[in-house]
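We count ligands from 1, going down the list as the structure has it; atoms in each ligand are counted the same way.
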Amino acid sequence: MHYAATLEFARAQDAADPLRAYRDRFLFPSLGTPELVYFTGHSLGLQPRTVKAAVELELDEWAKYGVEGHFHSTNPWYSYHELLTPAMAGIVGAKESEVVCMNSLTTNIHLLFVSFYRPTKTRYKIISEAKMFPSDRYLLETQAKFHGFEPEDAIVEVAPRDGETLVREADILEAIEANADELALVFFGGVNFFTGQLFNMPRLTAAAHAVGAVAGFDLAHAAGNVLLSLHEWDVDFAAWCSYKYLNSSPGNVGGIFVHERHGRSFDLPRFGGWWGHDKKTRFQMKHGFQPMEGAEGWQLSNVPVLGMAAMKASLAIFAEAGMPALRAKSERLTGYLEYTIDEIAGAFPDARISVITPRDACDRGCQISMDVAGRERKLFDDLVAAGVIVDFREPCVIRMAPVPLYNSFEDVFTFGRVLRELLAAGRAQ
Ligand SMILES: *Cc1c(COP(=O)(O)O)cnc(C)c1O
């Protein structure tokens, strides 16, 4: 695609954008700066305007009905989670029976490991990417120890080659081959939180299955960002949070996927609670846990309705806009950000800024990670002070996500203008 670093170009792109009206459905924080560019949807998505009324409705229903709201409110709380399933299944490319919203992300992965990380003395290894999100790394370490293995032995990390920043797919496939007989699980982030690298989930799943291992993914940075077809890809299990690209409110409930193949495996080890128990006999409170069919059989507790009300409002926007349209805009918008950074990097070679995210749209979502070697935190602090809200990760990476639902080409242009001004001011000193 052809891009130009002018305000006219950016505005023309926005005028032609079929999704442009969605921006007004979100509340942009006012952080005391005259203009604001919000590029941190990868950490916390913005609040949809519809969220407040959705939460207030449930507060009113609670006041009006008390416990009777479980069955008699507008959206009965007893089955409230079911209202989220169709939109969530659409976002991750799953059948409705394969998805449920519950708990939070790290909790959910641990629960899924109960069923899907079943190491034996000889087959116990987990292959993952190096530089996983810290919570996932702690999770893997403690799971390995819980089963009596040494993390250093049980966890095989595939790292970028020396002097490179991205993990090569060939190296992952080779690690799977090399550990074929000892491999229990391939567990990757769908999109790496640090570099923005999107892994080829169907290929990794097929490679895992070919050696008799299970394939699972943490989709925190993939859900609502890239196109997913978890069912078709034959992924065994996955989990994600809803407060990043899915805009559901800070720390809100996550989602899980369990492939249909496992949905009736009632003898899979799992931890039980009343909400995962067969709905028909849930209230008989007898001995003998009988899981529900599908992903719902992994639930433990009754659901937090206020959080889910916010999530329901947010997911409705995704159902309306549709992931294919969002992804189409996302590729162009992120391409524009990449172009903008490249241009500036060329104009200011001594600033030593560079894009570390994959160059091919097929290998990334909307996030661009920019290495600012030599400038460390200062450039980040200056960007934020100028109203460009981005994120900094040690040692020297700024992560930005132009989100197709609410970011614009003009946002990208403004970012570029501010970055140029900061670098020019630095050079003048
Ligand atoms: C954001 C994120 C988490 C956060 O986990 P919580 O349990 O929701 O706090 C975990 N893993 C990855 C990869 C993430 O990006």
- Look at atom 1 (C) of ligand 1 and say which protein heavy atom is nearest, naming residue and atom and giving the distance to 0.1 Å. Lys244 NZ, 1.4 Å
- Message: Ring-plane angle category for Phe289 and His277, please: parallel below 30°, perpendicular beyond 60°, tilted otherwise.
- Response: tilted
- Message: Considering non-hydrogen atoms of the protein only, which is the closest contact for atom 3 (C) of ligand 1, and what is the distance?
- Response: Phe133 CE2, 3.3 Å
- Message: I need the atoms of ligand 1 closer than 4.0 Å to a non-hydrogen atom of His221, numbered in the order shown.
- Response: 15 (O)
- Message: For Phe237 and Phe116, I'd like to know if the aromatic rings sit close, meaning centre-to-centre distance below 6.0 Å.
- Response: yes
- Message: Checking a contact table here: which protein heavy atom is nearest atom 6 (P) of ligand 1, and how many Å away?
- Response: Tyr243 OH, 3.4 Å
- From Glu129, Arg364, Lys131, residue fulfilling side-chain hydrogen bond (donor to acceptor under 3.5 Å, both in side chains) relative to Asn192: Glu129
- Identity and separation of the nearest protein heavy atom to atom 5 (O) of ligand 1: Thr106 OG1, 3.3 Å
- Decide whether an N or O pair under 3.5 Å exists between Asp218 and ligand 1. yes
- Message: Are Phe392 and Val397 packed together at the side-chain level, in the sense that at least one heavy-atom pair is separated by less than 4.5 angstrom?
- Response: no
- Item | ligand 1 atoms in contact with Ala220 (distance to a heavy atom under 4.0 Å) | 2 (C), 12 (C), 13 (C), 14 (C), 15 (O)
- Message: Please check if the number of heavy atoms outside Glu320 that lie under 6.0 Å from its CD is greater than 12.
- Response: yes
- atom 11 (N) of ligand 1 [closest protein heavy-atom partner, distance rounded to 0.1 Å]: Asp136 OD1, 2.7 Å
- Message: With a heavy-atom distance limit of 4.0 Å, tell me whether Thr107 approaches ligand 1 through its side chain, its backbone, both, or neither.
- Response: neither
- Tyr138 atom OH: more than 12 heavy-atom contacts under 6.0 Å: no
- Query: Does the ring centre of His147 sit less than 6.0 Å away from the ring centre of Tyr117?
  - Reply: yes
